[in-house]
Amino acid sequence: MAEKFIRIRGARQNNLKNIDLMVPRNSFVVITGVSGSGKSSLAFDTLFAEGQRRYLEALSTYARQTAGRLNAPLVDEIEGLSPAIAIEQKGLPNNPRSTVATLTEISDYLRLIFARLGTVYCPTCNVPVRGWTVREIVADLLASFPAKSRLLVLAPLGEVPEKELPNLLRKLRRDGFGRVRAYGSVYVLDPLPSLPRRTSHALQIVIDRLVLDDEKQRRLIDSLELAFKTAPGTAAVATPEGFEKSYSESARCASCGFTGPELTPGLFSFQHPAGMCSECRGLGFVGEDVPEVSSRSSKKTEGDLEEETGPAPPDPSDQPQCRACRGTRLNDSARSVRLGGLSIDRVLAMTPPGAAEWLEGLEFEQSRREILNRPKKEMLSRLHNLVELGLPYLTLERSSNTLSGGEAQRVRLAHQVGANLSGVLYVLDEPSVGLHPRDHRRLLGLLMRLRDAGNSLVTVEHDRETILRADHVIDMGPGAGTEGGEVMFSGPPERIGECPASLTGLYISGKKRIEIPQCRKRGSDFFRLTGASGHNLKSICADFPYGLLTCVTGVSGSGKSTLVLDTLYRALARMIYKVETHPAPFAALENAQRVQKVILVDQSPIGRTPRSIPATYTGVFELIRQLFSRAPEARARGYSPARFSFNARGGRCEHCRGEGLQRIEMYFLPDIYVTCPVCGGSRYNRDTLDITYKGCSIASVLDMTVYEAAAFFANFRLIRSKLDGLIGVGMGYIRLGQPATTLSGGEAQRVKLAAELSRRGQGKALYILDEPTTGLHFEDISKLLLVLRKLVDQENTVIVIEHHMDVIKSADYVLDLGPEGGEGGGRIVAAGTPEEVARSTVSHTAPYLREALGIKS
């Protein structure tokens with residue numbers, strides 16, 4: 001009998017407190033709780049990690065030797081575990097050749113149908129070019145001309161030089177040919193004709209003159225075969241009225257000689273030599289990476305010299321478009337093939353709804369329809385999944401390294417749903433991130449379909465509606481870090497409100513809530529961005545008030561990021577810092593002189609390797625290293641602060657080069673990191689670890705949570721102020737030395753915000769935040785709002801891109817874009833206080849905002 005539950009006994013991974021748990025199989029299970037309470041430790045570090053480890057253990061001995069041995073999670077026993085797939089928010093591989101179409105396998109099926117069903121067109125003459133058999137030509141002639149039509153069967157010889165013409169005509173007469181055709185007229189060869197004087201002549205041999213009739217098909221076939229033999233590979237048919245039709249055995253244009261490529265799936269891939277543009281090598285752009293403006297100081301200390309390795313991948317939006325392929329990534333041969341009137345690059349430039357409409361419109365005869373059916377079904381399934389997941393605005397050619405964490409996760413999910421797997425454990429990390437409430441319900445419907453197909457879904461989530469729609473809810477808590485790791489509630493969602501120990505239950509039941517501000521600040525001065533027309537923006541004019549908390553809202557793909565990040569931020573950065581950025585097109589930026597500093601706090605990683613940690617990013621590690629260098633034993637040995645950096649030679653473990661981990665390439669799976677066997681993950685060599693402060697080594701300090709470190713360094717004002725910044729944004733549970741690769745996009749964003757809050761000289765700055773509620777519990781959002789309000793009270797301006805209604809209802813000013821996503825968006829549909837926007841009749845945000853504000857419709 002199949003197991004009905006996944007039984008977990010004695011889970012102790014990270015901060016989990018030796019928990020025992022029954023997780024129902026073939027159900028939609030939500031794990032919730034405050035940030036740092038142990039949700040990811042249970043879902044990813046225990047359930048998924050053990051599923052991945054068991055999968056690798058089932059491989060051959062050679063494969064296990066190649067992959068290495070994964071460390072088992074700290075758990076006594078897990079029973080009933082299925083093969084597991086993790087779909088996380090972490091960004092996709094930074095490969096500019098990876099696109100939405102390649103990730104979902106839509107491009108694979110698209111290349112197949114273009115190779116099997118596409119028609120080559122001459123790029124010069126714009127006529128179809130294909131290879132014909134004699135039988136196909138006969139069938140085409142019978143279909144193209146009425147019965148009893150008089151036809152000339154011709155063998156084109158191409159351009160013949162004037163001086164060679166007499167000898168050629170005499171040879172044709174000796175070979176038994178009686179007529180030639182030139183300039184639309186027929187000339188007999190006995191006697192030799194006198195043609196108009198030219199430097200060359202376009203000459204055709206008249207092979208036969210006949211009347212089109214079913215009874216004369218054999219004669220027509222023989223004449224065409226002779227034409228192909230006489231003028232190698234080409235033939236033509238003309239009427240006495242002058243109409244002419246050319247045929248070729250190969251895909252060759254009879255007019256200009258263009259030869260079409262061999263149609264193979266590789267021809268339509270920008271990652272294959274046959275299809276990629278030779279100028280840009282399939283990237284679609286040329287040139288060097290343009291560095292983005294950073295809010296961090298460019299100064300590096302001696303210990304930071306090797307903090308990052310490898311250049312960041314170029315952002316296509318900042319690169320000059322390749323002139324040869326015009327950004328399509330494909331060469332002329334690939335773009336010369338059309339299907340349904342479009343080349344493959346034009347199909348890839350479509351959004352999912354547009355591509356689905358094009359697919360549905362393809363019509364073929366029965367035999368060719370059978371070739372199309374299976375790829376068409378698979379593509380439509382994935383395209384519809386992308387729409388259901390709230391991504392109808394993404395073009396199929398969109399590079400994966402330009403997707404947000406939430407978008408990347410939903411693209412992966414669209415692929416997994418299209419794979420039609422059953423009996424799998426899916427572990428998801430907040431799939432609702434970046435989704436407008438309107439789109440969220442479609443996501444839930446798709447997740448239910450995945451469950452109904454016989455799969456188990458374990459989702460880390462904070463969204464109220466997702467929790468209420470789950471089959472089973474597990475609430476972790478009661479606090480974060482060492483104060484968390486316990487199961488506060490496990491059961492059906494309708495009963496969580498009855499659990500007094502569950503903080504989530506208090507918010508779900510309404511016993512606790514984020515209150516609506518009793519009075520809102522009113523803006524008296526605005527700066528204005530006019531003529532914004534990047535991507536789908538419709539040349540809009542947007543006003544932003546100084547000194548207020550502004551929320552930019554709208555359905556997914558309505559143009560929020562284009563307006564705020566691609567246009568406003570880059571324009572201000574260019575104006576203030578005099579750096580070379582490339583804003584999206586706009587007309588003018590007016591009355592912006594009061595902005596003295598612009599700070600972008602987005603969800604991009606704080607580092608790309610385990611070498612990057614919160615302590616180095618916030619600057620607190622430099623202060624801690626200075627403190628250790630002043631220890632008596634360190635001074636006796638002559639150790640400088642650089643000695644205590646794991647990024648510099650001398651103090652670090654050279655086996656792992658200070659990373660504490662070793663990367664293992666898995667080839668068929670994502671790369672994994674295992675603990676360094678020499679230093680045990682401490683990052684340092686023995687001599688460095690001998691130096692202690694209050695009995696703790698530098699490695700022990702890095703292993704502390706922010707809460708623990710704040711107590712440990714309570715007497716050091718500068719260190720404590722930076723740590724308090726992290727605690728203020730709800731990040732007290734993370735460890736100072738936690739690798740950046742383990743931080744979610746929302747966590748990375750809050751680390752950046754904490755780093756900015758710890759800086760001196762607040763005031764007259766513009767802070768731009770991109771969905772800061774990512775990964776936040778209701779209680780954490782309440783803390784975040786206090787931080788944002790503090791920034792505003794210090795005479796700063798805060799602009800937040802957000803979907804969460806608790807943040808939107810707490811804002812001073814709301815700018816709502818829409819009404820739809822993609823081409824249906826790009827307009828400002830409402831602006832004003834939350835109450836004013838809630839009264840809009842065209843805004844998709846308004847109904848949900850009315851509900852959050854308690855306004856009756």
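FYI, side chains are in, hydrogens and waters are out, and symmetry mates aren't considered; it's all heavy atoms of this structure.
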Is there a side-chain contact between [X] and [Y] (heavy atoms, below 4.5 Å)?
| X | Y | answer |
| --- | --- | --- |
| E79 | I6 | no |
| L413 | L447 | yes |
| S682 | L689 | yes |
| L444 | E465 | yes |
| R683 | C656 | no |
| M488 | P478 | yes |
| H440 | D463 | yes |
| I31 | T459 | no |

Practice task
For side chain to side chain contact (heavy atoms under 4.5 Å, CB included), just list the numbers for V75 and R12, CA-CA rounded to whole Å, side-chain angles, deciding distance to a tenth of an Å, and then say yes or no.
Solution key: CA-CA 6 Å; V75 60; R12 304 177 302 281; 5.9 Å; no
Handout entry: Parallel, tilted or perpendicular, as decided by the 30° and 60° cut-offs, for the rings of F644 and F628
Key =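 F628 and F644: tilted rings.
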Practice task
Could you label the plane-to-plane angle of the H436 and Y848 rings as parallel, tilted or perpendicular, counting under 30° as parallel and over 60° as perpendicular?
Solution key: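 Rings of H436 and Y848: perpendicular, as their planes differ by over 60°.
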Please report the interatomic distance [atom1]([X]) to [atom2]([Y]), rounded to the nearest 0.5 Å.
| X | Y | atom1 | atom2 | answer |
| --- | --- | --- | --- | --- |
| R735 | D703 | CZ | CG | 5.0 Å |
| Y693 | F713 | OH | CZ | 7.0 Å |
| L468 | R464 | CG | CZ | 7.5 Å |
| E779 | T504 | CD | OG1 | 10.0 Å |
| S645 | I698 | OG | CD1 | 9.5 Å |
| I508 | F489 | CD1 | CZ | 11.0 Å |

Exercise for the section: Report the C-alpha distance between D793 and R789 in whole Å, list the side-chain angles of each, state the deciding distance to 0.1 Å, and finish with yes or no for salt bridge (charged side-chain N to carboxylate O under 4.0 Å, His left out). Expected result: CA-CA 6 Å; D793 291 342; R789 185 56 62 188; 5.3 Å; no
Handout entry: K17 NZ: over 12 foreign heavy atoms closer than 6.0 Å
Key =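 Correct, the count exceeds 12.
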For [X] and [Y], does a side-chain donor sit closer than 3.5 Å to a side-chain acceptor?
| X | Y | value |
| --- | --- | --- |
| E747 | Y733 | yes |
| R643 | T688 | yes |
| E802 | T773 | yes |
| S490 | H472 | yes |
| E756 | Y767 | no |
| S82 | R25 | yes |

Problem - Candidate pair F716 and L627, rule side chain to side chain contact (heavy atoms under 4.5 Å, CB included), full reasoning - result: CA-CA 10 Å; F716 294 89; L627 182 63; 3.5 Å; yes
Using atom types as modelled and distance alone, determine if a side-chain donor or acceptor of [X] lies under 3.5 Å from a backbone N or O of [Y].
| X | Y | value |
| --- | --- | --- |
| N796 | A765 | yes |
| S27 | V29 | no |
| K39 | V34 | yes |
| T616 | S612 | no |
| Q13 | P73 | no |
| N15 | T482 | no |
| T675 | L661 | no |
| R652 | G658 | no |
| K809 | I514 | yes |
| R513 | G510 | yes |

For [X] against [Y], the heavy-atom pair lying closest together:
| X | Y | result |
| --- | --- | --- |
| I467 | P493 | O-CB, 3.2 Å |
| C696 | M704 | SG-CE, 4.0 Å |
| G390 | S556 | O-CB, 3.5 Å |
| L389 | R410 | O-NE, 2.9 Å |

Exercise for the section: Begin from the C-alpha positions of R750 and D780 and carry the test salt bridge (charged side-chain N to carboxylate O under 4.0 Å, His left out) through to its verdict. Expected result: CA-CA 11 Å; R750 293 197 297 281; D780 301 313; over 6 Å; no
Practice task
Report the C-alpha separation of E771 and H803 in whole Å, then their side-chain angles, then the decisive distance to 0.1 Å, and conclude whether the side chain to side chain contact (heavy atoms under 4.5 Å, CB included) test is met.
Solution key: CA-CA 7 Å; E771 293 193 73; H803 292 292; 3.5 Å; yes
Exercise for the section: Take K560 and D770 through the test salt bridge (charged side-chain N to carboxylate O under 4.0 Å, His left out) and record every step on the way to the result. Expected result: CA-CA 10 Å; K560 303 182 296 297; D770 184 11; over 6 Å; no
Exercise for the section: Kindly indicate, with the supporting measurements, whether the criterion salt bridge (charged side-chain N to carboxylate O under 4.0 Å, His left out) is fulfilled by R53 and E50. Expected result: CA-CA 5 Å; R53 188 188 70 83; E50 178 64 6; 2.8 Å; yes
Practice task
Could you tell me if the ring centre of F712 sits under 6.0 Å from that of Y707?
Solution key: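 No, ring centres 6.0 Å or more apart.
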Exercise for the section: Determine, step by step, whether D475 and S502 satisfy the side chain to side chain donor-acceptor pair (under 3.5 Å) criterion, reporting the C-alpha distance in whole Å, the side-chain angles of both residues, the deciding distance to 0.1 Å, and the verdict. Expected result: CA-CA 7 Å; D475 187 39; S502 169; 2.6 Å; yes
Exercise for the section: Decide side chain to side chain contact (heavy atoms under 4.5 Å, CB included) for R657 and R611; before the verdict, give the C-alpha distance in whole Å, the side-chain angles of both, and the deciding distance to 0.1 Å. Expected result: CA-CA 9 Å; R657 294 172 58 85; R611 198 179 297 280; 3.8 Å; yes
Practice task
State which residue, out of V458, I85, V427, fulfils the side chain to side chain contact (heavy atoms under 4.5 Å, CB included) condition with F48.
Solution key: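 So the option named by the test is V427.
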Handout entry: Candidate list V564, L565, L766, test side chain to side chain contact (heavy atoms under 4.5 Å, CB included), partner L600, passing option
Key =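 Only one of V564, L565, L766 forms a side chain to side chain contact (heavy atoms under 4.5 Å, CB included) with L600, namely L565.
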Problem - Residues E461, S432; criterion side chain to side chain donor-acceptor pair (under 3.5 Å); working and verdict - result: CA-CA 8 Å; E461 188 58 88; S432 66; 3.0 Å; yes
Practice task
Test the K512-F778 pair against the cation-pi criterion, namely NZ or CZ under 6.0 angstrom from the six-membered ring centroid and within 45° of the ring axis.
Solution key: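 Ring-cation test returns no.
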